[in-house]
Amino acid sequence: QVQLVESGGGLVQAGGSLRLSCKASGRTFNNYAMGWFRQAPGKEREFAATINSSGGSTVYGNSVKGRFTVSRDNAKNTMYLQMNSLKPEDTAVYYCAARTRPVISVYDREYSSWGQGTQVTVSS
């Protein structure tokens with residue numbers, strides 16, 4: 001399994017931006033598709049974005065489409081989530097995840113490695 005560490009969360013006002021990072025350990029990062037999921041208090045975990053191993057294919061959840069952008073730098077073993085036009089309903093713990101296949105997936109059950117999460121809070 002790959003070890004994942006998220007960073008970049010924090011408190012931001014509505015309409016603001018944040019960039020999350022997910023640093024992966026190991027030498028096979030560029031073989032893995034990666035994903036971002038989020039979980040708000042009292043709610044189920046929700047898919048946000050996914051990117052394939054090369055970075056050439058991405059898919060977004062309906063609630064973040066057009067505002068969030070997922071990217072990766074395989075040379076740095078890092079995935080990013082640029083979040084713009086943030087809304088209070090984006091408040092959640094954001095998790096990055098890796099799957100041992102290069103193709104994307106929107107299903108959390110298909111990811112085998114998870115980070116510890118980073119809190120994002122958007123104030124109104």
Side-chain angles (χ1 to χ4, degrees):
Q1 286 190 343
V2 63
Q3 304 298 315
L4 303 172
V5 178
E6 302 98 334
S7 61
L11 174 64
V12 64
Q13 289 188 334
S17 298
L18 281 175
R19 188 175 82 154
L20 305 183
S21 298
C22 174
K23 176 74 171 178
S25 65
R27 295 172 291 180
T28 56
F29 176 75
N30 60 355
N31 291 337
Y32 300 153
M34 302 288 294
W36 287 101
F37 293 81
R38 66 185 187 181
Q39 189 165 22
K43 295 187 176 181
E44 294 187 353
R45 189 160 55 192
E46 176 189 22
F47 165 72
T50 181
I51 186 167
N52 71 342
S53 59
S54 68
S57 179
T58 57
V59 173
Y60 297 92
N62 289 335
S63 59
V64 308
K65 196 175 299 182
R67 300 185 297 122
F68 291 10
T69 303
V70 60
S71 62
R72 64 191 295 162
D73 184 339
N74 285 345
K76 295 182 178 180
N77 279 17
T78 303
M79 174 180 65
Y80 304 98
L81 186 67
Q82 178 67 45
M83 306 186 295
N84 298 329
S85 302
L86 283 161
K87 304 174 182 180
E89 51 263 45
D90 294 318
T91 295
V93 177
Y94 284 71
Y95 299 91
C96 71
R99 66 186 307 239
T100 56
R101 297 189 66 182
V103 295
I104 58 178
S105 173
V106 303
Y107 302 108
D108 58 1
R109 63 179 180 270
E110 295 187 353
Y111 290 80
S112 55
S113 298
W114 292 82
Q116 83 289 350
T118 186
Q119 176 71 46
V120 171
T121 303
V122 184
S123 63
S124 58

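- Distance alone, capped at 3.5 Å, is enough to place a donor-acceptor pair between the E6 side chain and the G117 backbone.
- Taking the side chain as every heavy atom from C-beta outward, S17 and N84 approach each other to under 4.5 Å.
- Across R38, K87, E89, a single residue satisfies side-chain hydrogen bond (donor to acceptor under 3.5 Å, both in side chains) together with S63, and that is R38.
- In this structure, M79 and C96 approach most closely via the heavy-atom pair CE-CB, 3.6 Å.
- Note: the hydrophobic cluster containing W36 does not contain Y95 (ILVMFWY, side chain heavy atoms under 4.5 Å, direct or indirect links).
- Under the 3.5 Å distance criterion, the side-chain polar atoms of S25 are matched with a main-chain donor or acceptor of Q3.
- Ring geometry for F37 against Y111 counts as perpendicular: the plane angle is over 60°, on a 0 to 90° scale with 30° as the lower cut.
- Of the inter-residue distances, the one linking N74 atom CG with Y32 atom OH reads 12.0 Å to the nearest 0.5 angstrom.
- To the nearest 0.5 Å, the span separating CG on L81 from CE on M34 amounts to 11.5 Å.
- When atom types are taken as modelled, the side chain of Y60 and the backbone of V70 share a donor-acceptor pair closer than 3.5 angstrom.
- Checking side-chain atoms of R72 against main-chain N and O of F29 turns up a donor-acceptor pair under 3.5 Å.
- With M83 as the fixed residue, the side-chain contact (heavy atoms from CB on, under 4.5 Å) test singles out one of V122, D90, L18, V12: L18.
- A pairwise comparison of heavy atoms in A14 and S124 identifies CB-CA, 4.4 Å as the closest pair.
- Residue Q116 qualifies as enclosed at atom CD: its count of foreign heavy atoms under 6.0 Å is above 12.
- The shortest heavy-atom contact between K65 and N62 is NZ-OD1, 3.3 Å.
- Clustering ILVMFWY residues whenever any of their side-chain heavy atoms sit less than 4.5 angstrom apart, transitively, puts V106 in the very cluster that holds I104.
- A side-chain contact (heavy atoms from CB on, under 4.5 Å) with W114 holds for exactly one of D108, V2, L4; it is D108.
- For the atom pair OG1 of T91 and CD of Q119, the computed distance is 7.0 Å after rounding to the nearest 0.5 Å.
- Within a 6.0 Å sphere centred on CZ of R101, other residues, nucleotides and ligands contribute 12 heavy atoms or fewer.
- Separating the NZ atom in K23 from the CG atom in D73 is a distance of 8.5 Å, to the nearest 0.5 Å.
- In this structure, L86 CG and F68 CZ are separated by 5.0 Å, a value rounded to the nearest 0.5 Å.
- No side-chain donor-acceptor contact under 3.5 Å links N31 and S53.
- A distance of 8.0 Å separates CD of E46 from OH of Y94, quoted to the nearest 0.5 Å.
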